[in-house]
Amino acid sequence: MTQSSLHYLLERVGNLLRERARSIATREGLKLAQLDALVYLSRANRYSDTTSGVVDYLGATKGSVSQTLTALERKKLVDRVPDPSDGRVNHCRPTSKGRRVAQEAFPSELLEGRDRPELERELVSLLGDMQRAHGGRGFGVCGTCVHFNRVGRGHRCGLTGEPLTVPESRLLCREHERPVLVDAG
């Protein structure tokens, strides 16, 4: 496969996914940026489900993200929950309706039977390279992070020292760092 054909395929898949999202957003009376924020929040862990996390993930301004989150809250798609240890921070948690809308934006029925670990690794690597080239944060799931620790039957974040549940280890984190792979050859 040539670089230009790979670019074309990725662009087409991206455009079709975007069209699906646009259709869902329109049906729900949302702007596309609002649906993007909702989808992110449905996949974000407790360290990343904040205004700052959405700002970093979407690459948007704090003002526009604040307006987006206010609109989602007004539509009863997100609840803001004060952080118990830092009163300046609010966590933005999708409501059950918000989770249903976000889940619909994932075309899981189109991806059934296509889970190929090597393809996923390649796409994760490509995404990370592109994010770094554009100065963005890496974002990734806890279970693939350099800070992720297995402790007995549980998990712990090596950065915060806090325990993680199995479902939490599958969520997006803004502090994610990919492990550096060492060539054993």
Legend entry - Straight-line distance of Q34 CD to R74 CZ, nearest 0.5 Å: 8.5 Å
Legend entry - Between CG on residue L41 and OG1 on residue T95, distance to nearest 0.5 Å: 11.0 Å
Hydrophobic cluster identity match, [X] and [Y], side-chain contacts under 4.5 Å:
| X | Y | answer |
| --- | --- | --- |
| V78 | I24 | yes |
| L172 | L164 | no |
| V55 | L35 | yes |
| L69 | V101 | yes |
| L159 | V146 | no |

Residues in side chain to side chain contact (heavy atoms under 4.5 Å, CB included) contact with [X], at least two apart in sequence or another chain:
| X | result |
| --- | --- |
| A33 | none |
| S23 | none |
| L171 | N45 |
| D83 | S85, D86, V89, H91 |

Could you list the residues that satisfy salt bridge (Lys or Arg N to Asp or Glu O under 4.0 Å) with [X], not counting sequence neighbours?
| X | result |
| --- | --- |
| R93 | D49 |
| R46 | E162, E168 |
| E122 | none |
| R170 | none |

Legend entry - Summary of ring pair (Phe, Tyr, Trp, His ring centres under 6.0 Å) pairs that have at least one residue in residues 13-40, sequence neighbours excluded: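 Qualifying pairs: Y40-Y57, Y40-F139.
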Legend entry - salt bridge (charged side-chain N to carboxylate O under 4.0 Å, His left out) partners of residues 32-41, not counting sequence neighbours, each pair once: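 Listed once each, the pairs are R18-D36.
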Inset, instruction - Please name all residues satisfying side-chain hydrogen bond (donor to acceptor under 3.5 Å, both in side chains) with T26, sequence neighbours left out, ordered by chain then number. - result: none
Inset, instruction - Could you tell me which residues satisfy side-chain hydrogen bond (donor to acceptor under 3.5 Å, both in side chains) with R12, sequence neighbours excluded, listed by chain and number? - result: none
Inset, instruction - Determine whether more than 12 heavy atoms belonging to other residues, nucleotides or ligands lie under 6.0 Å from atom CZ of R150. - result: no
Legend entry - Main-chain N/O of L30 paired to K75 side chain as donor or acceptor, under 3.5 Å: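 Not at all, since once roles are kept as given, no pair shorter than 3.5 Å links the two residues.
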Inset, instruction - Please name the pair of heavy atoms, one in C92 and one in P94, separated by the smallest distance, quoted to 0.1 Å. - result: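 In this case the closest contact between C92 and P94 is O-CD, 3.8 Å.
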